[in-house]
Amino acid sequence: MENTIRVRVAVALTAVAAAGAVIGGQPADAEAVATPGHVQTSIKWGACPELAPGAKRDPRQTCGTVKVPLDYRRPGGETITVAVSRIATAKAGKKRGDLLFNPGGPGLQGLDMPGQMASTLPKEVLDSYDLIGFDARGIGHSTPMSCGLTGPALLTIFPYPGAGGSIEGNVTTARTVARQCATIGAKLRFFTSANTARDMDRIRQALGARKISYWGQSFGTYLGAVYASLFPRNTDRMVLEGNVDPDKVWAKMLNTWNQGMNDRFPDAARVAAADDAGLGLGGTVEEVTDTFLALADRLDRKPATVPGTQVAISGALLRGVTYQMLLHNETLAPLTRFWKVASDLSAGRTPADADAAVLRQVLADTPAAKGVPADNQVTMALAMICGDTTWSREVDSYAKATAAARAQYPLSAGMPNNIRACAFWSRKPIEPVVKVTSHGPRDILILQNRRDNATPWAAGRGMRKALGERASFLGVDNGGHYVYNTGSACADQATVAFLSKGTLQAGDVSCDGPRH
């Protein structure tokens, strides 16, 4: 994991959600739908696409493409390209299969995930699998989609209300974004979770594999659960880390962020309280929390300009950065420094050099790779959350829900319940939401942290309930969005034993978190 902190507030690194979801069943012929027409049965491996400036790649990695139908209901029609990658780590005579990775988002690029994961996996896993990555349809180098979004529209995934809780600005932005995405809506409606899962099965076939193993994070857990429900006979060993509740797709899932923030924020507040002498934010969790809420309110009313830049720290930016940096334990301390800088700027004080350096890191932009639109991740997050389900179109219902949530969960400020572009989406879903069920082999390991602000504990338990006896549940007394390789030897050992030996505990497992 890189030490440099790069936060893009407009980007959802987690399972994002929509309002008014309609939960339906999968088509009766789900497996048959995915397979007719020409199916690619091999991949030509070669050079990978050019990296974004400053990015790194495992030199062992090779890349290729898989052609898939844009619309699986018309398998002989228009096709799109899915970019795939491979690091051939499996040893001759020891290879079990291929381990496919997805980092979630929705909208995150996964092409270089094999290299990122290879450095964390022990020999017994690497000897057993070739590591496979892919940019999901519409994302990165896989026929990338763009609504042409710029400026405030890029914040549409995290619609924090304005001063006093007003959602008027959010409504305007949502309408604008929906109008822009409508220009490609005829195609964008096919970029759904279910079709992405069908693409995964095309990747399996192109690899020449009878079954495929899978490791999904965040939104990738939902994608994995959808795949396991559409293609139960094609799954080998599946790890789902930081879980979406498939029965809450998408409105109710997003609403879990409220409790998730309440569970996770005290971890950062304790870090700040321990350094009250240096930060001046309060000496207890309660005092730090009060300081944060008061600061966010001040910045809602009067954003603080960062000297020498065009950037202004608003209440929305403060909360958005906080949400993102709570995802990792190693970013808690820098997060508290960011709070101090924001407080100093709001009070008219010049930040110290060390604090200004943290501010530059936090607000540093991450350049897009060549050929990938700047708004690609936001476009694809919207495609999934708006295209998978229907949304309420009643603006007043969002205003009421936002006000109620803001009063009950001030740390989230009503954002999870607020209006998004999906309320004005131009196209209806092309099919019902896939019903995730327990039907299939017992071959899934669920990894879940107790204090995860992005996919909270209750969501992990929801995934456990949906998959039933297909899965074993491993919960860790830890904060943050990621479980494996974050300090719990218990969780790491269980994950490795599952992938290398197929070991799954009979009941739910509880693990201690990292020692500090």
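Quick note: residue numbers are just sequence positions, from 1.
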- Query: Parallel, tilted or perpendicular: which fits the ring planes of Trp257 and Phe158, with parallel below 30° and perpendicular above 60°?
  - Reply: parallel
Check: Looking at Asp127 and Lys95, does any basic side-chain N land under 4.0 Å from a carboxylate oxygen?
Finding: no
In sequence, state the C-alpha distance, the side-chain angles, and the governing distance for Cys48 and Cys63, and then conclude on disulfide bond (SG atoms under 2.5 Å apart).
CA-CA 5 Å; Cys48 292; Cys63 293; 2.0 Å; yes
Note to self: Can you confirm whether the side chains of Asp236 and Tyr129 place a donor and an acceptor under 3.5 Å from each other?
What the structure shows: no
Point to revise | Pair Lys435 + Asp247: basic N to acidic O under 4.0 Å | key: yes
Problem set entry | Pair Asn376, Ser146: side-chain N/O donor-acceptor within cut-off below 3.5 Å | no
Worksheet entry | Within 6.0 Å of CZ in Arg442, more than 12 heavy atoms from elsewhere | yes
(message) Can you tell whether the side chains of Arg461 and Asp508 come within less than 4.0 Å, N to carboxylate O?
(response) yes
For a quick check under 3.5 Å, do Asn195 and Asp71 share a side-chain donor-acceptor pair by atom type? no
State whether Glu124 and Lys501 are salt-bridged, where the test is any N-O pair (Lys NZ or Arg NE/NH1/NH2 against Asp/Glu carboxylate O) under 4.0 Å.
-> no
Taken to the nearest 0.5 Å, the spacing of Arg202 CZ from Arg204 CZ works out to 10.5 Å
Q. Could you walk me through whether Asp388 and Ser193 pass the side-chain hydrogen bond (donor to acceptor under 3.5 Å, both in side chains) check?
A. CA-CA 7 Å; Asp388 280 354; Ser193 298; 2.5 Å; yes
query: Do Arg470 and Thr235 get their side chains close enough for a donor-acceptor pair, meaning under 3.5 Å?
result: yes
- In terms of heavy-atom contacts, does NZ of Lys370 have more than 12 from other residues, nucleotides or ligands at under 6.0 Å? no
Tell me yes or no: SG of Cys386 and SG of Cys181, less than 2.5 Å apart? no
### Cation-pi, Phe473 ring and Arg464 (6.0 angstrom, 45 degrees)
no
Value for CG (Asn449) from CZ (Arg264), rounded to nearest 0.5 Å, stands at 8.0 Å
Side chain to side chain contact (heavy atoms under 4.5 Å, CB included) with Leu99: of Ile132, Thr89, Val239, Leu131, only one passes, and it is Leu131
Problem set entry | Residues, nucleotides or ligands: over 12 heavy atoms within 6.0 Å of Lys94 NZ | no
* Parallel, tilted or perpendicular for His328 and Tyr482, by the 30°/60° rule? -> parallel
Scanning both residues in full, the closest heavy-atom pair of Pro49 with Leu111 reads CD-CD2, 3.7 Å
Decide yes or no on side-chain contact (heavy atoms from CB on, under 4.5 Å) for Thr65 and Ile43, but give the supporting numbers first.
CA-CA 7 Å; Thr65 59; Ile43 299 172; over 6 Å; no
| message | side-chain hydrogen bond (donor to acceptor under 3.5 Å, both in side chains), that's the test. Do Asp98 and Tyr214 meet it? Break it down for me. | response | CA-CA 8 Å; Asp98 299 293; Tyr214 176 80; over 6 Å; no
CG (Leu149) and CG (Asp375) are apart, to the nearest 0.5 Å, by 4.5 Å
Closest non-hydrogen contact found for Val476 with Gly513 is CG1-CA, 3.9 Å
For the pair Lys67 and Thr81, evaluate side-chain hydrogen bond (donor to acceptor under 3.5 Å, both in side chains) and give the outcome as yes or no after the intermediate values. CA-CA 5 Å; Lys67 290 286 187 182; Thr81 298; 2.9 Å; yes
| said: Are more than 12 heavy atoms, taken from residues, nucleotides or ligands other than Asn485, located less than 6.0 Å from that residue's CG atom? | reply: yes
Do Asn102 and Gln217 have side-chain atoms, one donor and one acceptor, less than 3.5 Å apart? no
Strictly below 4.0 Å, N to O, side chains only: are Glu431 and Arg198 in salt-bridge contact? yes
Q. Between Thr390 and Lys428, is any side-chain donor less than 3.5 angstrom from a side-chain acceptor?
A. no
Exercise for review: Before accepting this row, confirm whether a basic side-chain N of the pair Arg237/Asp443 lies closer than 4.0 Å to the acidic partner's carboxylate O.
Suggested key: no
Report task. Indicate whether any N or O donor in one side chain lies under 3.5 Å from an N or O acceptor in the other, for His481 and Asp452. Result -> yes
message: Under a 3.5 Å threshold, yes or no: a donor from one side chain and an acceptor from the other, between Trp457 and Asp263?
response: no
Practice task
Decide whether Tyr227 and Asp201 meet the rule of one side-chain donor and one side-chain acceptor closer than 3.5 Å.
Solution key: yes
Gly242 and Thr455 have their tightest heavy-atom pair at C-OG1, 3.1 Å
OH of Tyr222 to CG of Asp245, rounded to nearest 0.5 Å, is 10.5 Å
